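Working notes for the structure below.
If you're wondering where the values come from, they're calculated on a predicted model, not measured in any experiment. Below, all heavy atoms of this structure are taken into account, side chains as well, without hydrogens, waters or symmetry copies.
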Amino acid sequence: MLQVGNIIANKEKYVEGLKKRNLNNAAELLEEVIALDDERKQNQHTLDSNLAEANSLAKQIGGLMKEGKRAEAEEVKAKTAELKSLNKSLSDKQNEIEAKLQQALYNIPNIPNETVPTGNSDEDNVEIERHGEFPTLHEGAKAHWDLIKDHDIIDFDLGIKITGAGFPVYKGKGARLQRALVNFFLDEATKAGYGEVQPPIVVNEASGYATGQLPDKEGQMYHITNDDLYLIPTAEVPITNLYRNVIVDEKELPVKHVGFTPCFRREAGSWGAHVRGLNRLHQFDKVEIVQIQKPENSYEALKEMCNHVASLLEKLELPYRVLRLCGGDLGFTSALTFDFEVYSAAQEKWLEVSSVSNFETYQANRLKLRYKNDQKKSVLLHTLNGSAMALPRIIAAILENNQDEHGINIPQVLHSYTGFDRI
RNA sequence: AGAGGAGUGGCAGAGUGGUCGAAUGCGGUGGUCUUGAAAACCAUUGAUCUUCACGGAUCCGGGGGUUCGAAUCCCUCCUCCUCUGCCA
């Protein structure tokens with residue numbers, strides 16, 4: 001979440017920034033935070049001086065008791081009763097104010113970077129790069145949802161039987177292709193200096209709040225109510241939360257991690273004809289890269305992460321484009337996001353396969369993730385993450401783009417991982 | 001899952017109602033000495049809020065309570081260890 005001090009110092013700028021998200025009551029939201037913070041300080045000040053007085057009286061009593069002056073001690077004690085009840089109500093009030101302030105801050109999204117264009121939806125995202133040639137498909141080329149049936153490599157009906165819609169079963173070469181991609185992505189990230197981690201795929205509420213999925217995307221996650229745990233929508237949540245409440249040693253910066261996990265998304269209300277086959281699932285596999293950076297280096301790191309994602313797509317020989325997300329499509333916690341889309345030739349559609357974001361200090365503030373600078377002051381770090389990559393749509397594009405009359409060619413770079421070059 | 005024990009600063013570990021944000025040791029940092037290093041010695045070494053500053057407040061697993069006063073007593077939750085049970 002945003003830092004109150006920064007809100008006060010940059011109010012006008014922030015209002016402008018939030019307008020890009022089409023948040024028209026931004027000024028009021030920020031005013032509310034400032035007012036609550038003011039109230040918090042004033043109340044805290046009163047409470048503190050009362051507590052100081054109570055503390056000193058308590059010490060007096062202690063001293064008198066030691067000297068055996070019981071009567072005098074009782075006299076002082078009498079004075080404390082009123083103070084005590086006053087302090088109780090002041091501290092109740094303080095808790096109330098702080099809860100309200102917290103709530104107000106939770107409801108304000110991150111300030112978009114100045115390069116974020118205005119816009120209302122994904123239609124207003126700006127294409128900034130395009131690479132690769134669209135393949136020429138043979139007569140009668142099929143979309144991946146037909147190809148997977150023809151070759152019996154991914155089975156949606158079986159998934160429906162054992163779980164439900166959106167939980168496909170990968171079989172034979174389909175399963176092997178998926179595993180090959182996971183290993184390829186992990187190896188590439190490792191070569192690029194990311195340390196591999198394998199985190200839990202359920203997280204507690206505190207983790208959900210720290211990276212911003214809660215309260216913003218409550219309905220998007222599967223919630224295990226018996227134990228109050230959430231299935232992760234992305235490895236970003238557990239991996240970034242490894243650093244919750246941590247003061248990182250400056251020598252360890254930047255922190256770079258890669259992790260492979262399944263991801264779970266309820267996708268409530270987002271189904272329709274345009275999300276057939278592998279285009280949208282409730283469970284899918286993803287390799288995620290995460291960086292923790294000093295503020296001054298974070299945009300350089302964002303570029304580096306984008307280059308990494310681009311290199312994966314180059315190696316897989318998939319045509320892709322890069323989009324700069326507009327304010328209306330930008331995630332709640334992100335300051336700047338680049339989406340990568342591959343072209344899936346049979347359905348003639350661009351499919352989002354990666355989203356690379358800089359959250360600046362927005363997550364770090366909730367995480368309490370800091371390092372000590374030269375002056376030994378605690379400084380919030382910047383967090384970044386990106387998919388590298390999400391599997392199903394990559395598979396969709398590979399199947400569709402590389403098909404011919406008799407089968408499907410596997411990209412060269414995967415052969416050593418799959419053990420076969422054709423499906 | 002049941003019974004018992006325990007959670008204190010970066011780590012180890014003392015502290016069982018009063019001046020304890022907390023002894024001591026290790027580690028870290030700075031210095032003296034040294035050509036340099038080691039050793040030794042000296043000093044320093046948690047976080048957050050607030051204040052221009054002095055200072056003040058809060059934090060001993062989390063939350064609540066008793067008390068003039070809580071690391072210390074009570075309740076509750078969490079976590080870890082030991083034994084028993086169960087199980088990849």
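- If you take atom P in rU16(B) and the same atom in rU66(B), they sit 24 Å apart, rounded to whole Å.
- With hydrogens and angles left out, the side-chain atoms of N204(A) and Y230(A) include no donor and acceptor closer than 3.5 Å.
- Residue pairs meeting the ring pair (Phe, Tyr, Trp, His ring centres under 6.0 Å) criterion with at least one member in residues 86-119 of chain A, sequence neighbours excluded, are Y106(A)-Y209(A).
- Nucleotide rU19(B): unpaired (no Watson-Crick or G-U wobble partner with both distances less than 3.5 Å).
- Counting non-hydrogen atoms of neighbouring residues, nucleotides and ligands closer than 6.0 angstrom, the CD atom of E82(A) reaches no more than 12 such neighbours.
- Rounded to whole Å, the distance from CD on E39(A) to P on rU50(B) is 15 Å.
- Put simply, CD1 on I247(A) is 8 Å from C1' on rG46(B), counting in whole angstrom units.
- In this structure, N43(A) atom CG and rC49(B) atom C1' are separated by 13 Å, rounded to whole Å.
- Look at the P atom in both rC60(B) and rC41(B): the space between them is 34 Å, to the nearest Å.
- Nucleotide rG4(B) has rC81(B) as its partner under the Watson-Crick or G-U criteria, with both atom distances under 3.5 Å.
- Along RNA chain B, the nucleotide closest to D37(A) and the one closest to G63(A) are compared, and the more 5′ of them pairs with G63(A).
- Between the side chain of T418(A) and the backbone N or O of L414(A), at least one donor-acceptor pair lies under 3.5 Å.
- Under the Watson-Crick or G-U wobble criterion, with both distances below 3.5 Å, rA53(B) has no partner in any strand shown.
- Using Watson-Crick or G-U wobble geometry with both donor-acceptor distances under 3.5 Å, rG36(B) finds no partner in any strand shown.
- Here rG25(B) sits opposite rC11(B) as a Watson-Crick or G-U wobble pair (both hydrogen-bonding atom distances under 3.5 Å).
- A distance of 9.0 Å separates NE2 in H308(A) from CE in M389(A), rounded to the nearest 0.5 Å.
- With a cut-off of 3.5 Å on both pairing distances, rA70(B) has no Watson-Crick or G-U wobble partner at all.
- For rA14(B) and rU72(B), the C1' atoms lie 13 Å apart once the distance is rounded to whole Å.
- Of the P atoms belonging to rG4(B) and rC11(B), the separation is 30 Å, rounded to the nearest Å.
- Rounded to whole Å, the distance from CD on Q42(A) to C1' on rU51(B) is 14 Å.
- Rounded to whole Å, the P atom of rA22(B) lies 15 Å from the corresponding atom of rG10(B).
- Computed from coordinates, the E205(A) CD to rC78(B) C1' distance equals 14 Å when rounded to whole Å.
- Look at CD on E250(A): it is 18 Å from P on rG10(B), rounded to the nearest Å.
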Seminar exercise, completed: Under a 4.0 Å heavy-atom criterion, the protein footprint on nucleotides 54-72 of chain B, written with B, S and -, is --BSS------S-BBS---
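- One can place NZ of K41(A) at 14 Å from C1' of rU48(B), the figure rounded to the nearest angstrom.
- For the P atoms, the distance from rU8(B) to rC81(B) is 14 Å, rounded to whole Å.
- Going from the C1' atom of rG63(B) to that of rA53(B) covers 36 Å, rounded to whole Å.
- Remark: the separation of the C1' atoms in rG25(B) and rG15(B) is 15 Å, to the nearest Å.
- Atom CD in Q3(A) sits about 14 Å away from atom C1' in rU48(B), given to the nearest Å.
- For T261(A) and K286(A), the side-chain atoms include no donor-acceptor pair closer than 3.5 Å.
- Side-chain contact, E304(A) with Q291(A): a donor N or O sits under 3.5 Å from an acceptor N or O.
- Using modelled atom types, one finds no donor on one side chain facing an acceptor on the other under 3.5 Å when comparing S344(A) with R393(A).
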